[in-house]
Amino acid sequence: MFSLSSLSRRVLGSGLARASQLQSTQHHVPTALSPLSLFSRGRAQLAPKQVKNIKRHKGRIPIPTGGSTKGTTLAYGEWGIRIKGNGARLSAKQLTTAQEVIMKKLKILKGSKVYLRVFPDIPVCIKGNETRMGKGKGTFEFWATRVPIGRVIFEIGGVPIREELARDILRQAAAKLPTKMEFINRSTPPRLGNLVLHPPKPVHLDPLTIPEGVLDAAAAPQPTASL
């Protein structure tokens with residue numbers, strides 16, 4: 001008859017032996033990559049190659065209160081679309097869908113190019129519905145980017161494209177995005193929020209309406225400073 005202590009030693013010993021045997025049969029592949037860089041990413045997928053923190057604050061859509069007009073005009077192509085309505089958070093799937101529409105329509109034009117002016121590098125985490133508060137942040141769901149009003153999203157160029165064709169292509173691409181867009185070209189002025197900054201018009205002065213003293217003072221030679 002076995003005692004309780006001897007029986008426990010036998011069971012514990014057999015369990016440890018079985019665990020050591022399983023560990024010896026498993027193959028551990030050493031890798032120099034961090035756990036955050038092991039996400040599967042396709043070659044044409046809009047996602048950053050490597051990130052430091054996979055979870056980030058939600059943040060807010062930036063508002064151009066400082067007067068900067070950077071990114072509101074064309075830089076590479078001849079035609080493009082930019083945000084006319086409120087700023088939005090665009091996901092990588094939405095940008096990919098709009099880009100595929102443009103590339104499909106431009107396939108007939110050899111040498112045409114599509115330029116994406118924004119990139120989804122912000123991770124978005126989502127918790128399930130009817131989940132109680134607490135227990136940490138939700139799991140990673142998709143990549144997105146926050147774009148303010150007036151920011152250029154897509155540009156097309158590379159070869160001469162008729163305006164009618166460009167308008168039709170970019171109209172179909174804008175229908176895939178969750179905000180109102182506008183069609184722009186090289187001569188379109190920059191935008192600061194809801195305000196379009198048109199260049200000032202040159203002022204033409206009539207010489208007959210200018211007093212004679214002002215004309216004489218403007219025509220007189222200016223004195224030079226002596227050293």
According to a 4.5 Å side-chain heavy-atom criterion applied to Ile, Leu, Val, Met, Phe, Trp and Tyr, with indirect links allowed, do [X] and [Y] form part of one hydrophobic cluster?
X: Ile83; Y: Ile61; result: no
X: Val118; Y: Met103; result: yes
X: Phe183; Y: Ile102; result: yes
X: Val147; Y: Leu46; result: yes

Worksheet entry | Contact list for residues 192-201, test side-chain hydrogen bond (donor to acceptor under 3.5 Å, both in side chains), sequence neighbours left out |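 For residues 192-201, and leaving out neighbouring residues, there are no side-chain hydrogen bond (donor to acceptor under 3.5 Å, both in side chains) pairs at all.
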Discussion item. If you define the side chain from C-beta out and look only at heavy atoms, does anything of Arg191 sit under 4.5 Å from Leu197?
Written reply: no
Worksheet entry | Sub-4.5 Å side-chain heavy-atom contact between Val101 and Gln99 |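 Side-chain contact under 4.5 Å: no.
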Nearest heavy-atom neighbours spanning [X] and [Y]:
X: Leu192; Y: Ser68; result: CD1-O, 3.6 Å
X: Gly193; Y: Ile149; result: O-CD1, 3.5 Å
X: Ala174; Y: Met181; result: CB-CG, 3.7 Å
X: Ala92; Y: Pro120; result: CB-CG, 3.7 Å
X: Arg82; Y: Gly150; result: CD-O, 3.7 Å
X: Ile153; Y: Leu90; result: CD1-CD1, 4.1 Å

What pairs of donor and acceptor atoms, side-chain ones from residues 154-173 against any protein atom, are under 3.5 angstrom apart with sequence neighbours left out?
from, atom 1, to, atom 2, distance (Å)
Glu155, OE1, Ala75, N, 3.4
Glu155, OE1, Tyr76, N, 2.8
Glu155, OE1, Gly77, N, 2.7
Glu155, OE2, Ala75, N, 3.1
Glu155, OE2, Arg117, NH1, 2.3
Glu163, OE2, Arg167, NE, 3.1
Glu163, OE2, Arg167, NH2, 3.2
Asp168, OD1, Arg171, NH2, 2.7
Asp168, OD2, Gln172, NE2, 3.1

Worksheet item: Can you list the steps and then say if Arg132 with Glu130 is a side chain to side chain contact (heavy atoms under 4.5 Å, CB included)?
Response: CA-CA 7 Å; Arg132 292 183 177 272; Glu130 300 182 2; over 6 Å; no
To the nearest 0.5 angstrom, please state how far the [atom1] atom of [X] sits from the [atom2] atom of [Y].
X: Glu78; Y: Leu74; atom1: CD; atom2: CG; result: 8.0 Å
X: Leu177; Y: Thr97; atom1: CG; atom2: OG1; result: 9.0 Å
X: Arg151; Y: Lys70; atom1: CZ; atom2: NZ; result: 8.0 Å

Please output the side-chain donor-acceptor pairs of residues 108-116 that fall under 3.5 Å, not counting sequence neighbours, one pair per line with the distance.
from, atom 1, to, atom 2, distance (Å)
Ser112, OG, Leu106, O, 3.1
Ser112, OG, Leu109, O, 2.9

Discussion item. For Thr72, run the side chain to side chain contact (heavy atoms under 4.5 Å, CB included) check against Pro189, Pro64, Pro190, Pro148 and tell me which one passes.
Written reply: Pro190
Considering only Ile, Leu, Val, Met, Phe, Trp and Tyr, and joining two whenever side-chain heavy atoms are under 4.5 Å apart, list the other residues clustered with [X].
X: Ile126; result: Val124, Phe142
X: Met133; result: none
X: Ile63; result: none
X: Val196; result: none

Discussion item. Per the salt bridge (Lys or Arg N to Asp or Glu O under 4.0 Å) rule, what does the pair list look like for residues 89-107, sequence neighbours excluded?
Written reply: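 Applying salt bridge (Lys or Arg N to Asp or Glu O under 4.0 Å) to every pair that reaches into residues 89-107, excluding sequence neighbours, yields nothing.
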Worksheet item: Which pairs pass salt bridge (Lys or Arg N to Asp or Glu O under 4.0 Å) with one or both residues in residues 133-147, sequence neighbours excluded?
Response: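 Not a single pair qualifies under salt bridge (Lys or Arg N to Asp or Glu O under 4.0 Å).
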Worksheet entry | Working for side chain to side chain contact (heavy atoms under 4.5 Å, CB included), residues Ile81 and Val152 | CA-CA 6 Å; Ile81 52 175; Val152 178; over 6 Å; no
Got a sec, which residues hit side chain to side chain contact (heavy atoms under 4.5 Å, CB included) with [X], two or more places apart in sequence or on another chain?
X: Asn185; result: Trp79, Ser187, Thr188
X: Pro123; result: Arg56, Phe140, Trp143
X: Lys180; result: Lys84

